[in-house]
Amino acid sequence: MREGTDPEAFSASIENYISERNEDSNVRLFAYPLADLYLYGQWKDGELVEGRIKNVKLFAMIGLFVLIIACINFMNLSTAKSQKRAKEVGVRKVAGADKKSLVMQFMSESILISFFLGSLPCYW
């Protein structure tokens, strides 16, 4: 449609086009944006139903669930790893390291490990 055209008025003008030419028909026409057609373009009994956006929402929820499980798993493994590194922390504290430097070391190691393991290709 041209710029400035009212979609509701256009839909109202074409609504009875088929029924005026064929009195046995109960079809009603309407205009619908083409950009919304792929995700939201399913109708049932003349009413718009969810369409493919339902699949997008489902996959987003599954992805969020997997991400939460991965975060919990990462925290669990980091905690288990920190138990093994207690001796290193003790030696660093005796050598004069403060809390901030220890936190920065563990955070930077975690970020680097996550980055390098996340960027490796999976071959399974």
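If you read the sequence from its start, that first residue is 1, and numbering goes on from there.
- Although no hydrogens or angles enter the test, the distance criterion places no donor-acceptor pair under 3.5 Å between the side chain of Ser19 and the main chain of Ser25.
- The backbone N or O of Tyr38 sits less than 3.5 Å from a side-chain atom of Arg52, completing a donor-acceptor pair.
- Two residues are said to be in side-chain contact when any heavy atoms from C-beta on lie closer than 4.5 Å; Lys100 and Gln105 fail this criterion.
- Between Ile18 and Arg28 the shortest side-chain heavy-atom distance does not fall below 4.5 Å.
- Here the straight-line distance linking atom CG of Asn73 with atom CD1 of Ile69 works out to 9.0 Å at 0.5 Å rounding.
- Separating the CG atom in Leu58 from the CD1 atom in Ile53 is a distance of 11.5 Å, to the nearest 0.5 Å.
- Counting non-hydrogen atoms of other residues, nucleotides and ligands closer than 6.0 Å to CG of Leu112 gives a total above 12.
- Atom CD of Glu23 has 12 or fewer neighbouring heavy atoms from other residues, nucleotides or ligands inside a 6.0 Å radius.
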Mind running side-chain hydrogen bond (donor to acceptor under 3.5 Å, both in side chains) on Ser101 and Asp98 for me, showing each step along the way? CA-CA 6 Å; Ser101 67; Asp98 59 343; 3.0 Å; yes

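- Residues Tyr40 and Val49 are not in side-chain contact: their nearest non-hydrogen atoms beyond the backbone lie 4.5 Å or more apart.
- Within the 4.5 Å cutoff, no side-chain heavy atoms of Lys93 are placed close to those of Lys99.
- Distance CZ/Phe59 to CG/Leu64: 15.0 Å, rounded to 0.5 Å.
- Ile68 and Met75 fall within the same hydrophobic cluster, where Ile, Leu, Val, Met, Phe, Trp and Tyr residues are linked whenever their side-chain heavy atoms come under 4.5 Å apart, directly or through other members.
- Contact record, Ala31 with Phe10: CB-CD2, 3.7 Å, taken as the closest heavy-atom pair.
- Residues Leu37 and Tyr32 have side chains in contact (heavy-atom distance under 4.5 Å, counting atoms from C-beta outward).
- A distance of 5.5 Å separates CD in Glu88 from CZ in Phe106, rounded to the nearest 0.5 Å.
- Within the 4.5 Å cutoff, the side chain of Tyr17 has no heavy atoms near those of the Val27 side chain.
- Looking only at side-chain heavy atoms (C-beta outward), Met107 and Val103 come within less than 4.5 Å of each other.
- Residues Gln42 and Leu48 have side chains not in contact (no heavy-atom distance under 4.5 Å, counting atoms from C-beta outward).
- Residues Trp43 and Leu39 share a single hydrophobic cluster, defined by chaining ILVMFWY side chains whose heavy atoms lie under 4.5 Å apart.
- With rounding to the nearest 0.5 Å, the separation of CG in Asn55 from CD1 in Ile62 is 9.5 Å.
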